[in-house]
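Just so you know, these numbers use all the heavy atoms, side chains as well, and skip hydrogens, waters and symmetry mates.
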Amino acid sequence: MARILHDDFVLVLGDGRTFTREDLLEDARTRRFEFERQDEDPGTQVVRVYGDTAIVTARLWLKYAAGGRWHERRLWFSDTYVRTPSGWRYAFGQASLPLPPEPMP
């Protein structure tokens, strides 16, 4: 993670909370979250490239444990990458509020 995260990285959640590069690295070091699933829903990913900037958008399916409790949700995300002299770096992430459950068929 440290290699790909831009020094000025920011993640913004749908409720307005923000997290920095150091916040994410600390969460990884302390294993604050235990992910069982972190998959994009097939067919939802779109990648847009504008010169030295790329934006990836998709619907994400998460299943994870935090604080001893399991959570499962779907959300939309947009991740922005910038090309630097040392390669592509993840500079900005945005995650929607959890989506409502999909109706049963």
Side-chain angles (χ1 to χ4, degrees):
M1 283 178 62
R3 280 185 283 153
I4 196 168
L5 289 173
H6 194 282
D7 289 345
D8 296 325
F9 173 84
V10 175
L11 171 64
V12 179
L13 301 185
D15 63 6
R17 289 180 292 154
T18 61
F19 299 90
T20 65
R21 177 182 193 272
E22 286 308 314
D23 293 331
L24 267 62
L25 293 174
E26 180 65 16
D27 285 348
R29 278 191 291 272
T30 62
R31 297 178 184 235
R32 180 175 172 208
F33 301 99
E34 177 187 341
F35 286 91
E36 180 178 303
R37 164 170 248 137
Q38 192 170 7
D39 297 324
E40 292 177 5
D41 287 337
T44 65
Q45 186 187 84
V46 176
V47 179
R48 296 170 180 89
V49 179
Y50 308 96
D52 291 333
T53 303
I55 302 167
V56 179
T57 303
R59 190 173 59 203
L60 188 63
W61 182 6
L62 297 171
K63 185 174 182 182
Y64 63 96
R69 295 184 55 217
W70 281 95
H71 307 271
E72 186 170 0
R73 61 188 56 160
R74 279 193 161 84
L75 56 87
W76 281 97
F77 74 86
S78 295
D79 290 343
T80 303
Y81 294 81
V82 294
R83 189 188 331 250
T84 71
S86 55
W88 287 95
R89 296 293 179 259
Y90 181 21
F92 181 82
Q94 181 277 326
S96 74
L97 292 171
L99 299 173
E102 294 183 10
M104 297 296 288

Search all heavy atoms of Leu60 against all heavy atoms of Glu40 and return the closest pair with its distance. CD1-N, 3.9 Å
Path from Phe35 to Phe77 over hydrophobic side-chain contacts below 4.5 Å: yes
Might you confirm whether atom CZ of Arg29 has over 12 heavy atoms from other residues, nucleotides or ligands at distances under 6.0 Å? yes
Glu72 side chain to Trp61 side chain, donor-acceptor N/O pair below 3.5 angstrom: yes
Only residue of Thr57, Ile55, Asp79, Val56 satisfying side-chain contact (heavy atoms from CB on, under 4.5 Å) with Val47 is Val56
Heavy-atom donor-acceptor pair, Arg89 side chain to Arg3 backbone, under 3.5 Å: yes
Is the side chain of Asp27 donor-acceptor paired with the backbone N or O of Leu24 at a distance under 3.5 Å, no angle test? no
When every non-hydrogen atom of Leu25 is compared with those of Leu5, the smallest separation belongs to CD2-CD1, 4.1 Å
Would you say Val10 and Leu75 are hydrophobically clustered, going by side-chain heavy atoms of ILVMFWY under 4.5 Å? no
Pairwise distance CH2(Trp88) to CZ(Arg83) - rounded to 0.5 angstrom: 4.0 Å
Spacing of CG belonging to Asp39 relative to NZ belonging to Lys63, to within rounding of 0.5 Å: 12.0 Å
Side chains of Tyr90 and Arg21: any donor to acceptor distance under 3.5 Å? no
Between Gln45 and Ala58, which heavy-atom pair has the shortest distance, and what is it? CA-CB, 3.7 Å
Is there a side-chain contact between Val12 and Phe92, using heavy atoms and a 4.5 Å cut-off? yes
Is there a path of hydrophobic side-chain contacts, each under 4.5 Å between heavy atoms of I, L, V, M, F, W or Y residues, that connects Val82 with Val49? no
Verify same cluster id: Leu99, Leu13 (apolar side-chain graph, 4.5 Å): no
